[in-house]
There are 2 protein chains.
Amino acid sequence: MSDVGETCHFNYSINLIILIQIRINEHVYLKDPESSKLGRSIVTHSIALIDEIGFEQATFKKLAEGIGSTEASIYRYFENKHKLLIYLVSWYWNWLEYQLMFSTNNVPSAEDRLKIAMKVISQPHTFQSDLLHIDAEALHRIVVGESPKAYLSKEVDGDNKEGYFMSYKRLCACIADICREINPTYAYPTALVSTMVESAHNQSFFAQHLPRLTEIKNGNENEVTEFLTEVVMRVLKN
Amino acid sequence: MSDVGETCHFNYSINLIILIQIRINEHVYLKDPESSKLGRSIVTHSIALIDEIGFEQATFKKLAEGIGSTEASIYRYFENKHKLLIYLVSWYWNWLEYQLMFSTNNVPSAEDRLKIAMKVISQPHTFQSDLLHIDAEALHRIVVGESPKAYLSKEVDGDNKEGYFMSYKRLCACIADICREINPTYAYPTALVSTMVESAHNQSFFAQHLPRLTEIKNGNENEVTEFLTEVVMRVLKN
DNA sequence: ACCAAAATAATAGCAATACTACCATTTGCA
DNA sequence: TGCAAATGGTAGTATTGCTATTATTTTGGT
């Protein structure tokens, strides 16, 4: 099998392969992990490792052992663990943005598009997601449990200047635009969307670990979607 | 000045001192920090330290240096840094609950009480807050920037079994009760409240560090309150 | 005021983490 | 074939997170 380089694959039952580039801000990595086998292996295995033992417990040493490589080699791709997390989370946001574009395409009603958006942010894996070397469900779990750590740090302003949170901002901006279509007079569309995106993760996490903080039942992601959709619709309705 | 022991003080202009106990689940600490001078010093200085350099950069060693004590002494009060964070955050939730009780007392309208609750969660320092050794504003900043780290860990289930998140749950339950009074048929009052509480922090953080994720302007906490109040009212209105 | 018990300080040490540096080997490709 | 880039292997350092031991101070009770 040849090396396809900087690509991600979506397979369809018909004989067609669509190649999608999921581009990450190049300052996040020292060397593009999509450009080599080791790089892709780092991404694949880091998702499995963080999903399994959590971000704080994960180290480049353990990751290197899992891959059969060395700490020093991983440091050639990512400056540190924090940058790796930012990379993974950015990848996730870009993937969601693609899913949103794809699944709202040719949907004329803004309300319908907003409903799709709420589903995309709360249960992305129900859309197409059989990617080559990225375990999308594990990545989703990581985002639910670890993504706030990407921006909740003292380096947030520097990281932001480097553009590390562009992917997140773009996704929120897309959905906020739909909100504006529905109600152009509402004053806080972006705040509403970022609240909904964070809530999608929180509610899913609470349902699993702190069930007294939500009525939503563990694993019932339809309920999360329903909750978010209802909130956003009521807020935007006049 | 005599040692007042396990107490917190609210001072009023009239000649009256009200003593309030802010009780934290006793498993969070090894030895009650309110029971000694050193303990209180640990709490006071840890708030200043975390506020200044952030939770990840803070260490017991740096804290000990700041106090003029030693790592080993701090370890007699808190098993580790994570437990200290849980202690501080729990203290904050208890304090908010007290503020909520106090400021909604004798307010007959549930809508009015909910509005007060939204203000309490988004700008707690506008209520009385001149405490003895706790810098409430710094603690609020810590909660905004670090509190999700208290539960976003692999130990969350164990910590929850120990009851470390009771304070948070109690506060949310109180506010959810007000929501049920306003609209007894709404299916997700607790989910709505936990979403609002987290959003209060997120929107404040975004306004300061990632302004493209919100319309709210940095420092304008009235806007956060307004945003939350509007959301919660529209969601609960029939 | 004095003694015993408790609390704290001082020091040391250890294993793990988060890197960095250096050099040897392999691989890709011109 | 040969050169450069990528990777592997090894080592080493500073810091972190924590424990243990002992010395000193503080305290509360008689």
Side-chain angles (χ1 to χ4, degrees), chain A residues 1-6 28-46 49-50 52-87 146 149-150 153-155 159, chain B residues 1-6 28-46 49-50 52-87 146 149-150 153-155 159:
Chain A
M1 192 177 145
S2 73
D3 188 335
V4 290
E6 305 176 307
V28 178
Y29 47 76
L30 295 170
K31 180 188 154 103
D32 187 354
E34 288 298 319
S35 73
S36 77
K37 207 167 178 173
L38 178 63
R40 268 168 272 135
S41 189
I42 290 170
V43 172
T44 306
H45 282 83
S46 68
L49 184 68
I50 295 172
E52 197 191 330
I53 66 174
F55 181 68
E56 351 288 329
Q57 316 305 322
T59 66
F60 278 4
K61 195 174 188 179
K62 289 175 192 167
L63 181 53
E65 278 163 17
I67 297 172
S69 180
T70 63
E71 263 186 288
S73 297
I74 296 172
Y75 274 105
R76 266 181 224 113
Y77 286 85
F78 294 101
E79 219 179 307
N80 52 47
K81 205 170 59 155
H82 189 235
K83 291 274 172 84
L84 172 60
L85 180 64
I86 290 176
Y87 179 89
E146 319 281 6
K149 297 169 192 168
S153 84
K154 279 285 165 183
E155 295 83 46
D159 290 351
Chain B
M1 193 175 142
S2 74
D3 188 334
V4 290
E6 305 177 305
V28 178
Y29 46 75
L30 296 170
K31 182 189 155 102
D32 185 355
E34 287 298 319
S35 73
S36 76
K37 205 165 178 175
L38 178 62
R40 267 167 273 136
S41 188
I42 289 170
V43 171
T44 306
H45 282 82
S46 66
L49 184 67
I50 296 172
E52 195 190 332
I53 66 175
F55 181 68
E56 350 291 325
Q57 318 306 323
T59 67
F60 278 4
K61 195 174 187 177
K62 289 175 191 166
L63 181 53
E65 279 162 17
I67 298 173
S69 180
T70 64
E71 262 185 290
S73 297
I74 296 172
Y75 275 104
R76 260 180 237 113
Y77 287 85
F78 294 102
E79 219 179 306
N80 52 49
K81 202 170 63 156
H82 188 235
K83 292 273 173 84
L84 172 60
L85 180 64
I86 290 176
Y87 179 89
E146 320 281 5
K149 297 170 191 170
S153 85
K154 280 284 165 184
E155 295 83 46
D159 289 350

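Chain naming here is simple, since letters A, B, ... match the order of the sequence lines and numbering starts at 1 in each.
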A:Lys83 (side chain) donor-acceptor with A:Leu30 (main chain) under 3.5 angstrom = no
Spacing of A:Leu84 atom CG relative to C:dA18 atom C1', expressed in whole Å = 14 Å
ask   = Taking only N and O in the side chain of A:Tyr77, is any of them less than 4.0 Å away from OP1 or OP2 of D:dA6?
value = no
query = Can you tell me how far P of C:dA7 sits from CG of B:Leu30, to the nearest Å?
reply = 13 Å
remark   = Between B:Gln57 and B:Arg76, the residue closer to the 5' end of DNA chain D by nearest nucleotide is B:Gln57
request  = Establish, from distance only, whether the side-chain atoms of B:Tyr87 and B:Ser46 form a donor-acceptor pair under 3.5 Å.
outcome  = no
message = Below the 4.0 Å mark, does D:dT7 have OP1 or OP2 next to a side-chain nitrogen or oxygen of A:Ser36?
response = yes
inquiry  = So if I take every side-chain heavy atom of A:Thr70 and compare against D:dT10, D:dT16, C:dT8, which nucleotide ends up nearest?
reply    = D:dT10
inquiry  = If we ignore hydrogens and angles and just use 3.5 Å, is the side chain of A:Glu146 paired with the main-chain N or O of A:Phe55 as donor and acceptor?
reply    = yes
message = Quick check for you: among D:dT7, C:dA9, C:dC19, whose closest atom lies nearest to any side-chain atom of A:Glu71?
response = C:dC19
message = Counting the atoms with a prime plus P, OP1 and OP2 as sugar-phosphate, which does A:Ser73 contact under 4.0 Å by heavy atoms, base, sugar-phosphate, or nothing?
response = base
key: Side-chain N,O (B:Lys81) to OP1/OP2 (D:dT16) below 4.0 Å   = no
message = Mind checking if A:Tyr75 touches a base, just sugar-phosphate, or nothing, with heavy atoms under 4.0 Å?
response = base
query = Is there a side-chain polar atom (N or O) of B:Lys31 under 4.0 Å from OP1 or OP2 of C:dA6?
reply = no
message = Once you apply a heavy-atom cut-off of 4.0 Å, does B:Lys61 come out as touching a base, just sugar-phosphate, or nothing?
response = nothing
query = Are any of B:Ser69's side-chain N or O atoms less than 4.0 Å away from OP1 or OP2 of C:dA9?
reply = yes
task = Over all heavy atoms of both residues, which pair between B:Pro33 and B:Phe78 is shortest? Give the atoms and the distance, please.
result = CG-CZ, 3.7 Å
